[in-house]
Structure formats: C-alpha cells, structure tokens
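Computation of the quantities below employed the complete heavy-atom set of this structure, encompassing side-chain atoms and omitting hydrogens, waters and symmetry-equivalent molecules. This structure is a prediction, so every number in the text was calculated from the model and none was measured.
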Amino acid sequence: MPSQKLKIAIQKSGRLHDDSIKLLQECGIDLQNGLNKLKTEASNFPLEVYFLRDDDIPQYVEDEVADVGIVGENVILEKEKQVQVVEQLGFGKCRLSIAIPKDQEYQSIHDLHGKRVATSYPHIVAQYLASQQVKAEIHEISGSVEIAPSIGLADAICDLVSSGSTLFMNGLREVETILHSQAVLISHNRLHAYTSQLLEQLRFRIQAVKKARHNKYILLNAPNDKLPEIIKLLPGMKSPTILPLAESGWSSVHSVVNENDFWDIIESLKKHGAQGILVVPIEKMII
Ligand code: ATP
Ligand code: MG
C-alpha cells in the first residue's frame with residue numbers, strides 16, 4: 001500500500017532551510033509542531049517533511065525515500081541523479097564562479113592550464129574545464145574553499161558566490177561564472193497516481209505564491225477626465241477596477257502591477273494626475 005502522503009525532503013539547516021519552510025507556510029501548509037525534529041507532518045495537508053543535508057536530497061529522491069525535495073540546482077548538477085526539476089522556486093540564488101588571488105594576472109580560462117583548482121564541485125568544474133580544453137588539477141574540499149589559495153593548497157578556487165563579499169574578504173576576485181543557480185523543487189518520476197495528484201496541488205499553490213511575489217496591488221484616486229490615460233498605464237489581470245468616489249468627478253482605480261514595471265508606472269501615474277496611491281503586497285495570485 002503506497003503512502004497516502006507526499007514526502008518532501010528539505011534542508012535541515014543552512015541557507016535554504018528558512019526559505020523552504022516559509023514557502024510551505026505561504027502555501028498554507030502548517031508545520032508548527034516539529035520544526036526541530038528530523039521528520040514532521042503537516043497538520044492540514046497530506047505532507048510528510050524530512051529534514052536532511054542538502055547534498056543527500058537528490059539521492060533520497062532518486063531512491064524514492066522522498067517523493068520530492070527542495071535543493072539548489074548546483075547540487076543536482078553536481079550529483080547527476082535521476083530526478084526531475086518540477087518548479088524553480090526563486091530563492092537561494094547564487095552563481096558558481098572561479099576566483100583567483102586578486103593581484104594575479106588573468107586573461108582567460110586558459111591561464112588555469114596546469115594549475116590547481118580547489119572546489120566542492122569537482123564534477124561540474126571538471127566538465128567545464130574539459131569544455132574549454134583546459135587541463136588543471138582539481139582538489140575536492142568540502143568547506144572553506146576560499147582559504148585554499150592563501151594556505152598554498154590551490155592557485156584558484158571554484159565556489160558559490162552571492163554578494164561576492166566572502167571572496168573579497170579572502171583577497172580573491174571572480175574571473176569566470178560557470179553557472180547560475182536557484183532552489184528548485186525536484187521529484188522522481190515514478191510517483192503513484194495519488195502522490196502525483198498531491199504534487200500537482202502543491203505546485204498549484206507554489207505557482208500562486210510565486211506570481212503574488214512578483215506583483216503588487218495598487219489603488220489610487222484619479223479625476224474622471226484622466227481615466228483613459230491612467231487605464232492605459234494599468235493593464236491589471238483583466239482590466240482595472242473603477243469605482244466612483246463620494247466626491248463627484250473622481251474615481252478610485254484598483255489594479256495589479258508587476259514589480260519590474262512598478263516604479264516607471266508610478267511616475268507616469270503621478271504625471272497623469274493620480275493621487276493617494278497605495279501599494280499593497282499580494283498574498284496569493286491565481287490567474
Ligand atoms: P548542508 O549542511 O545541508 O550540507 P551546506 O553547507 O552544503 O549545507 P549551504 O551553505 O547551507 O549548504 O547552502 C545551501 C545552498 O544554498 C547551496 O547549495 C546553494 O544552492 C544555495 N546558496 C545561495 N547562496 C549561496 C552562497 N552565497 N554560498 C553558498 N550557497 C549558496
Ligand atoms: Mg551541503
């Protein structure tokens with residue numbers, strides 16, 4: 001009898017832990033009792049959560065111990081397991097880059113020919129160097145990769161970078177970006193019909209949360225003679241909502257705007273006579 005719950009593996013502690021929990025909570029899944037255990041169950045969704053080291057998650061999913069997991073794309077590419085990416089999650093963004101001591105000259109990746117590169121991603125680095133026809137010695141180390149050049153262990157490193165401040169503090173500079181990564185939801189492809197249906201429900205909720213994150217709800221007051229221009233600026237989900245204000249000659253306009261266009265739109269709205277502009281976060285968005 002297959003489990004009647006969807007089993008999800010997430011990072012036990014570390015950079016993806018909090019955002020993974022937050023995403024599940026924003027999906028309306030309650031994990032209150034058990035955040036400090038190794039395994040817990042949601043009280044209001046058929047979901048069992050396993051807390052694991054991120055490196056182990058692809059293997060657990062491939063072995064069907066967990067049905068799905070949340071992990072960085074970088075880990076999946078390094079481990080090469082039989083799992084599929086079902087959803088990009090938009091957090092845990094970083095890049096995998098090559099860095100060298102900041103005073104060292106650098107023209108191209110060919111400067112690493114015959115050198116030693118320290119990394120926790122030996123597989124990805126080997127593939128990348130081979131694709132560039134560069135032969136270098138790869139030293140696999142599992143942590144604190146950024147100190148390898150200063151202790152004489154390597155000439156260059158390849159590590160995850162987000163702001164670049166760790167590299168800077170260790171006297172290194174980034175010279176090549178091998179890949180960009182973010183957290184993703186993965187699954188194995190032998191889900192039973194029922195767990196597959198649960199995964200679809202979870203994905204539906206995740207998509208609603210992701211869309212909401214990128215959009216804002218906007219309310220403003222506008223003189224009626226300016227409405228045609230203002231409506232053109234605010235496409236909304238279908239079209240903006242227009243409600244009359246108590247003061248005659250004025251309307252309240254409600255719409256949804258994408259965060260990328262947000263500041264440009266606000267400027268134009270003000271120029272066209274909009275007043276009392278309110279911008280409100282959206283919790284879920286279903287189109
Ligand atoms: P674990 O104990 O679970 O093995 P870890 O030390 O391997 O944890 P973390 O440092 O917590 O892993 O990083 C987890 C993931 O967060 C990375 O695999 C990567 O996808 C993502 N990430 C985002 N920004 C960064 C960054 N600046 N440095 C490292 N990882 C980052
Ligand atoms: Mg790890």
Less than 4.5 Å apart, side chain to side chain, heavy atoms only: is that true for [X] and [Y]?
{"X": "Ile29", "Y": "Leu202", "result": "yes"}
{"X": "Glu176", "Y": "Gln132", "result": "no"}
{"X": "Ile8", "Y": "Leu185", "result": "yes"}
{"X": "Leu234", "Y": "Leu269", "result": "yes"}
{"X": "Ile147", "Y": "Asn170", "result": "yes"}
{"X": "Tyr121", "Y": "Leu160", "result": "yes"}
{"X": "Val175", "Y": "Asp111", "result": "no"}
{"X": "Tyr194", "Y": "Pro46", "result": "yes"}

When you look at [atom1] of [X], are more than 12 heavy atoms from neighbouring residues, nucleotides or ligands closer to it than 6.0 Å?
{"X": "Lys284", "atom1": "NZ", "result": "yes"}
{"X": "Glu259", "atom1": "CD", "result": "yes"}
{"X": "Glu200", "atom1": "CD", "result": "yes"}
{"X": "Lys22", "atom1": "NZ", "result": "no"}

To check you understand the geometry: which heavy-atom pair defines the closest contact between [X] and [Y], and what is its length?
{"X": "Val117", "Y": "Cys158", "result": "CG1-N, 4.1 Å"}
{"X": "Thr177", "Y": "Ser97", "result": "OG1-OG, 3.5 Å"}
{"X": "Ile287", "Y": "Lys211", "result": "CD1-CD, 3.6 Å"}
{"X": "Tyr50", "Y": "Ala66", "result": "CD1-CB, 4.3 Å"}
{"X": "Leu227", "Y": "Ser251", "result": "CD1-OG, 3.7 Å"}
{"X": "Leu16", "Y": "Gly92", "result": "CD2-CA, 3.8 Å"}

Could you tell me whether the side chain of [X] and the main chain of [Y] form a donor-acceptor pair under 3.5 Å?
{"X": "His188", "Y": "Val83", "value": "no"}
{"X": "His17", "Y": "Lys12", "value": "yes"}
{"X": "Lys270", "Y": "Ile277", "value": "no"}
{"X": "Gln84", "Y": "Ser187", "value": "no"}
{"X": "Glu283", "Y": "Ala212", "value": "no"}
{"X": "Asn215", "Y": "Val256", "value": "no"}
{"X": "Glu48", "Y": "Lys7", "value": "no"}
{"X": "Asn44", "Y": "Gly28", "value": "yes"}
{"X": "Arg173", "Y": "Ala99", "value": "no"}

[X], [Y]: one ILVMFWY side-chain cluster at the under-4.5 Å cut-off?
{"X": "Val85", "Y": "Val71", "answer": "yes"}
{"X": "Leu167", "Y": "Ile151", "answer": "yes"}
{"X": "Val134", "Y": "Ile157", "answer": "no"}
{"X": "Trp263", "Y": "Ile230", "answer": "yes"}
{"X": "Ile109", "Y": "Leu179", "answer": "yes"}

Separation between [atom1] of [X] and [atom2] of [Y], rounded to the nearest 0.5 Å:
{"X": "His123", "Y": "Thr119", "atom1": "NE2", "atom2": "OG1", "value": "12.0 Å"}
{"X": "Gln107", "Y": "Glu105", "atom1": "CD", "atom2": "CD", "value": "6.0 Å"}
{"X": "Glu26", "Y": "Asp19", "atom1": "CD", "atom2": "CG", "value": "9.0 Å"}
{"X": "Ile186", "Y": "Ile70", "atom1": "CD1", "atom2": "CD1", "value": "9.5 Å"}
{"X": "Ser252", "Y": "Leu220", "atom1": "OG", "atom2": "CG", "value": "7.0 Å"}
{"X": "Ile141", "Y": "Leu153", "atom1": "CD1", "atom2": "CG", "value": "5.5 Å"}

Check Arg205, Gln207, Gln201 against Cys27 for a side-chain contact (heavy atoms from CB on, under 4.5 Å) and give me the one that passes. Arg205
Which residue in the set Leu77, Ile76, Asn74, Val75 passes side-chain contact (heavy atoms from CB on, under 4.5 Å) when paired with Ser181? Asn74
Give the C-alpha distance, both sets of side-chain angles, the deciding distance and a yes or no for side chain to side chain contact (heavy atoms under 4.5 Å, CB included) between His214 and Met285. CA-CA 10 Å; His214 294 126; Met285 195 162 148; over 6 Å; no
In residues 51-64, what donor-acceptor pairs under 3.5 Å come from side-chain atoms, sequence neighbours left out?
| residue | atom | partner | partner atom | Å |
| --- | --- | --- | --- | --- |
| Arg53 | NH2 | Asp55 | OD1 | 3.4 |
| Gln59 | OE1 | Lys81 | NZ | 2.8 |
| Gln59 | NE2 | Asp63 | OD1 | 3.1 |
| Gln59 | NE2 | Asp63 | OD2 | 3.2 |
| Glu62 | OE2 | Gln82 | N | 2.6 |
| Glu64 | OE2 | Arg190 | NE | 2.3 |
| Glu64 | OE2 | Arg190 | NH2 | 3.0 |

Closer than 4.0 angstrom, basic N to acidic O: yes or no for Glu229 and Lys232? no
Could you give me the CA-CA distance, side-chain angles and deciding distance for Leu198 and Leu47, then say whether side chain to side chain contact (heavy atoms under 4.5 Å, CB included) is met? CA-CA 9 Å; Leu198 291 176; Leu47 187 76; over 6 Å; no
Tell me, with the steps shown, if Phe262 and Val279 meet side chain to side chain contact (heavy atoms under 4.5 Å, CB included). CA-CA 10 Å; Phe262 179 72; Val279 178; 3.5 Å; yes
Polar contact flag, side-chain donor to acceptor under 3.5 angstrom, His139-Glu137: yes
Between the side chains of Thr166 and Glu146, is a donor N or O closer than 3.5 angstrom to an acceptor N or O? no
